[in-house]
Amino acid sequence: MKSSRASLSSILQPVFSLRRPAFCSAAPPKPQTPLHLRPPAFRAALSDLQRWQAWAKTQASSVGSTFSALDGGPDSSLLLRELNWLVEDAVEHPALLSTENKVTAEVAIRAQLEEMYELWRQRIEERRPFQYVVGCEHWRDLILSVEEGVLIPRPETETIVDLVDHAVKADEELREGLWADLGTGSGALGIAVARILGGGGRVLAVDLSPVAAAVARYNVERYCLEARVSVRVGSWFDPLKDVEGELNGVVSNPPYIPSKNIHSLQAEVSRHEPILALDGGADGMDDLIHLCHGAASMLKPRGFFAFETNGEIQSKLVLDYIQNEMEGSFCRLEIVSDFAGIQRFVTGYKA
Amino acid sequence: MWSLIQKRVCRKIQLHSSIIRSCLLNSVSEHQFYYSSSPACNHTAPRSAIGAKKFNGLFSSFDAKWRGSSFMRFLSSQAAAEASTSDGLTVGGIIANNWVIYDENESDWKSHAAAIAQSIHLIKKRLRWKKLISKLEVLSKELDKPDLWDGPSHAGKISREHGSVVGKMKEVNAFEQELFEHIDMIKLAREENDAELESESLNALLVLRRHLKEKELEALLAGEHDLCPCFIEVQAGAGGTESMDWASMVMQMYKRWAENRHFRVSAVEEIPGELAGIKRATIKVDGDYAYGYAKAEVGAHRLVRISPFDSNKRRHTSFASVAVIPILGDDFSHVQINESDLRIERYRSGGPGGQHANTTDSAVRITHIPTGVTASSQNERSQHQNKASAMAVLQSRLDQLEIVRQAQINAEHTQSLTDINFGSQIRSYVLHPYRMVKDHRTEYEVSDPDSVLQGDVDGFILSFLSASLDKDIEDD
Ligand SMILES: C[S@@+](CC[C@H](N)C(=O)[O-])C[C@H]1O[C@@H](n2cnc3c(N)ncnc32)[C@H](O)[C@@H]1O
């Protein structure tokens, strides 16, 4: 099942994403440096940069609510806020931009002015996600590097970290030992969970995509967690055979969108994010079911799991599946809602 | 240069000895002490210490030594003691003399002295001097308790508070001492016909006079939470786009005002109007005395103008209400918030979310269920951070409610905080048919609305603070 899913995804991939072909070369891909971490090596006249900003504002304003009406995309006010953040990331002293006078002044920027035009054009015309434009996503208290080929972590997923926090506070024994983040993408969950666990915990972060694995490693290094988070490449529990039955906890935000829905997603998602990270098979449940079985054999007794799902229907399906098809494997099962009130997560403990 | 310094040193010595002489000649009587204990305090320092104290006014280094050796702590008796010149002139005495206060340029020492005495009087009033003295006594007693440091955080708080009260009192006392030093010098210079010394001392008086004028303003901000940063929140009144536009003008005015004061300004939330302006917006203003100043702006602000949104060019009146919430520091015991009392929601969400959507919008609204108080944040780049920022607003709101509740229980008149009533109209901005901004509380007015809307609100703030504070204290 799982291997067929992986190969299906890689076949579909080029159609939907700009991602470089994976699985071919041995050399690991080199992650891109997010804009805010690049040196402010370029200079532009303040007035030129202000002209760029004015142009970018006009572009953003002209969008109005067309994107949001079309596919739930961003409206002007959101784009204008993103523009401020782009300035924040690209300009060494962003406050300079709002000063009126000093026509002759120069500002230091982290990308050439032409690139700034190109970046904003991509944002508006190609609907390239803002996070790929600036190369990072602010998620919880982290700033994670992201690029094409790696799913941009969603705000909903932040809650999984709180769930882990509650679990380890309720049972401090869970804190010391091994955890796994399956389908780690940018490394978001793995890194945040490691920080929650503290010095005694270790996280194995797994992803099938070498690009994701490389970006995850980069982020792990940025937070100096090499000693506590190891990134392994492979399909779900395959690279974890050596720790079977030893895990204190498993978290995952696996692909869960039903295949038929992929085309109708918001353009930022369907055109730019990796299909491998999104497509959960016919009813979106393939990977979730696989993970439930894996968790049952990989977790220690009283070990904790938290999975993200597509919403109310999937949460119930997962719960039913565990209760009926895997009777006795888990206990204290729960469905937890996200901040939009959507039943989003399934949690429980190994019996 | 050298000779001049030597001359001054000589004089100091002469003066020194002349005072000793006068002390020796006269028998020890109350009014001759540079400090005389206030009747309110019955602490009496040992006689020998009093003897040494006489010179404090003139030679502050003696003062430090004396205090360093015998009394480590600044006592309330010292604070309450009244300084005087060598011949017993006190601040109260100067004021009672009713000397005419001329313009600064008039070289008249009595005029300067009278102006300085008035400033000192006002500053003491604003600091609530008597209350400060009793507070110092209470704090000193606390500090003397042997078990104080059993509770280090409490002890830290007490000693910080003590330090701050002492700091304020010492500063004012130093001004008094300085005043009398200069007066003594002038008298001496006259006795000795030393024109140079006289003009030097006169000049020193003038400098002091100006300095104290500034201090008067600072003393306006002696409220318990004045030093804190704060949130400023502007909400559009009824009246659709016109009042939403007005609300955004008001917000803009405060952003400019805060920037001019070199406060750090950051946006917390902004709910834009459909066509223009804002329904509501909150900014955080960070910098010394942000709350102390901004609290003067609480209330409804009224605009009268020809609305640019009215195709018939009619005159409209609209309102925006301003709330100011202090962000209390760590030494304040904050209201405890139980996680289970909170409802946290994603703001402006819709659709299936999760992997379906990619949005940089992670605005969050938190409701404190027992009180119904809400707070939201949308300007941070992650949901976690929006949540933290909304929590900070919520905490401050609940703290403020608690302060008001406490004040009501104690029937205290804490004008600034009980006035969180958004409703009362405090100021009108008229752009048509004439141009004027007028504060209804103080009658302070300005004929140039543009400058005010550009952030020039200090005149309004200071006049309100002094009017309300000085009125407030009459009954003390
Ligand atoms: C929805 S993304 C989640 C990424 C990240 N955990 C997050 O929440 O931002 C799913 C991730 O699972 C990975 N994935 C897909 N199939 C996988 C498989 N068979 N084995 C391991 N990882 C897989 C994808 O590459 C992708 O990074």
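In what follows, every chain begins at residue 1, and chains take the letters A, B, ... in the order their sequences are listed.
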With only heavy atoms counted, which part of [X] is less than 4.5 Å from chain B, the side chain, the backbone, both or neither?
X	result
A:W85	both
A:A277	backbone
A:E82	side chain
A:E312	neither
A:R344	side chain
A:D162	side chain
A:I257	both

Name the member of [options] that forms the most heavy-atom pairs with chain B at distances under 4.5 Å.
options	value
A:N310, A:T157, A:N84	A:N310
A:E308, A:R140, A:Q266	A:R140
A:T309, A:L142, A:D89, A:I143	A:D89

Quick one, A:D338 and B:Q383 - any side-chain contact, counting heavy atoms below 4.5 Å?
no
Pairwise side-chain contact, A:L265 with B:Q355, heavy-atom cut-off 4.5 Å (strictly under)
no
Is there a donor-acceptor contact under 3.5 Å from the side chain of [X] to the main chain of [Y]?
X	Y	answer
B:S382	A:W139	no
A:E158	B:H384	yes
A:R81	B:N379	no
A:R154	B:G354	yes

Honestly, the part of B:E380 sitting under 4.5 Å from a heavy atom of chain A is backbone
Checking B:N386 against chain A: side chain, backbone, both or neither under 4.5 Å from a heavy atom?
neither
Could you check A:L278 against B:H356 for side chain to side chain contact (heavy atoms under 4.5 Å, CB included), going step by step and ending with a plain yes or no?
CA-CA 8 Å; A:L278 302 167; B:H356 288 264; over 6 Å; no
My understanding is that only residues two or more places apart in sequence, or in another chain, count here; which of them pass side-chain hydrogen bond (donor to acceptor under 3.5 Å, both in side chains) with B:E402?
B:R405, B:Q406
For B:E274, enumerate each residue passing the side-chain hydrogen bond (donor to acceptor under 3.5 Å, both in side chains) test, keeping only those at least two apart in sequence or located in another chain.
B:K279
Can you measure from CZ (B:R381) to SG (A:C136) and round to the nearest 0.5 angstrom?
5.0 Å
Checking A:H272 against B:N358 for the side chain to side chain contact (heavy atoms under 4.5 Å, CB included) test, could you report, in this order, the C-alpha distance in whole Å, the side-chain angles of both residues, the deciding distance, and whether it holds?
CA-CA 10 Å; A:H272 298 273; B:N358 175 306; over 6 Å; no
